[in-house]
Structures are given as C-alpha cells and as structure tokens.
**Student:** 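I have a structure I would like to understand better, so I am pasting it below and will then ask my questions one at a time.
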Amino acid sequence: MQSNPTTDIETVKDLFSAHLKERKARRTPERYAILEEIYNREDHFDAESLYIHMKTNNYRVSRATVYNTLELLVSCDLVKKHQFGKNLAQYEKSYGYKQHDHLICNNCGKVLEFCDPRVQQIKNMMGEILNFEVTSHSLNLYGNCAGGCEKTRKS
Ligand SMILES: [Zn+2]
Ligand SMILES: [Zn+2]
C-alpha cells in the first residue's frame with residue numbers, strides 16, 4: 001500500500017461512520033477497533049489472520065464481526081479486497097493510498113507492490129481504442145522470490 005503519511009485516521013473513521021449510517025448499520029466500538037487495526041497495518045492480510053491478531057491483542061471481537069466489518073469496509077472503498085490466485089481473499093487499507101499493482105510469490109505467498117504509470121497509459125489507450133470506459137483494473141504478477149524464500153508457506 002504505497003504509503004502516504006498524510007492519511008488521517010479520524011478522516012477514515014468519519015467516512016466509515018457516514019457509510020454505516022447510510023447502511024443503517026450499527027456504529028459499534030468493535031467496528032472502529034477493526035478499522036483502526038487495519039490502518040495500523042502495513043501488509044496484505046486475510047480475514048482469519050486479522051481475527052487471530054486481534055484476539056491475541058485482547059480485543060473482544062467475534063469472528064463474525066471481523067468478517068462482516070471487512071465487507072462493510074470494502075463496500076465503502078476504505079479497504080481493498082484481492083484474490084491472489086488462492087481461494088483466500090486478502091485485504092489491505094486503501095484510503096489515501098496510491099493505486100498500485102502486485103507481485104505474488106507462489107512459494108511463500110509474499111506480496112510485493114509496484115506502481116508504474118504505464119499501466120494507467122494502457123488503461124487510457126485501450127479505453128479509447130475500444131471505446132470502453134475503464135473503471136478499475138487488477139494486475140497480479142506471479143512467480144518466485146529471487147534467491148529463495150525466507151519461510152515456507154504454512155498451508
Ligand atoms: Zn497492495
Ligand atoms: Zn517467496
């Protein structure tokens with residue numbers, strides 16, 4: 001998530017509040033704790049590991065709350081959901097972070113990020129040529145870490 005130090009957690013919370021209100025969803029402390037936890041992270045994670053991490057840090061959250069809060073955050077674009085070739089969905093914070101793409105290691109599951117303006121150029125050009133309004137894209141490159149991986153994937 002190409003970092004941007006100006007992201008203000010209060011702004012993100014306000015956006016989430018507005019979204020919850022609109023959805024007539026309850027604004028519970030658990031949901032804000034999950035949001036904060038996500039914005040404190042710098043990685044790509046799956047729902048289960050977020051839940052376990054919060055449990056380990058003594059947050060009183062249920063697995064169901066973690067899962068449905070993630071979906072709420074995805075639906076208001078505060079969190080981005082990815083499918084990196086496995087069945088497991090991975091998430092990352094997205095508000096205030098630059099558009100970027102990913103390289104994923106098939107062996108250890110490590111996710112690297114890159115940002116190349118040529119991707120934007122392709123979107124513009126293909127949209128023009130094919131008379132198509134491109135609204136989003138997903139570009140994942142798969143392979144293996146050069147020089148071997150630090151750890152072998154658990155699953
Ligand atoms: Zn990313
Ligand atoms: Zn690797």
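As a basis for the values below, the full set of heavy atoms in this structure was taken, side chains included, without hydrogen atoms, waters or symmetry mates. Counting starts at 1 for both ligands and their atoms, following the listed order. None of these values were measured; they are calculated from a predicted model.
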**Student:** Just to verify, what does Y95 make a ring-ring contact (aromatic ring centres under 6.0 Å, His included) with, not counting sequence neighbours?
**Tutor:**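 Counting only residues at least two positions away or on another chain, Y95 forms no ring-ring contact (aromatic ring centres under 6.0 Å, His included).
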**Student:** Once the angle between the rings of H102 and H82 is folded into 0 to 90°, is it parallel (under 30°), tilted (30 to 60°) or perpendicular (over 60°)?
**Tutor:** perpendicular
**Student:** Tell me whether R63 is salt-bridged to E48, with the criterion being a basic N under 4.0 Å from an acidic carboxylate O.
**Tutor:** yes
**Student:** Just by modelled atom types, is the F45 backbone N or O under 3.5 Å from a matching donor or acceptor in the S49 side chain?
**Tutor:**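 Not a single qualifying donor-acceptor pair exists.
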**Student:** Hey, what's the angle at the Zn ion (ligand 2) spanning SG (C149) and SG (C145), nearest 10 degrees?
**Tutor:** 120°
**Student:** Quick one: the NE2 of H44, the Zn ion (ligand 1), NE2 of H100 angle, rounded to 10°, please.
**Tutor:** 170°
**Student:** Can you tell me, to 10 degrees, how wide the angle at the Zn ion (ligand 1) is between NE2 on H102 and OE1 on E92?
**Tutor:**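 Between NE2 of H102 and OE1 of E92, the angle at the Zn ion (ligand 1) is about 140°.
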**Student:** By ring-ring contact (aromatic ring centres under 6.0 Å, His included), which residues pair with H19, not counting sequence neighbours?
**Tutor:**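 Residues passing ring-ring contact (aromatic ring centres under 6.0 Å, His included) with H19: none at all.
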**Student:** Distance check below 2.8 Å: does H82 bring an N, O or S atom to the Zn ion (ligand 1)?
**Tutor:**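 Checking the Zn ion (ligand 1) against H82, no N, O or S atom falls under 2.8 Å.
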**Student:** Which angle, to the nearest 10 degrees, do you find at the Zn ion (ligand 2) between SG in C108 and SG in C105?
**Tutor:** 110°
**Student:** Have a look at E113 and say which of its N, O or S atoms is nearest the Zn ion (ligand 1).
**Tutor:** OE2
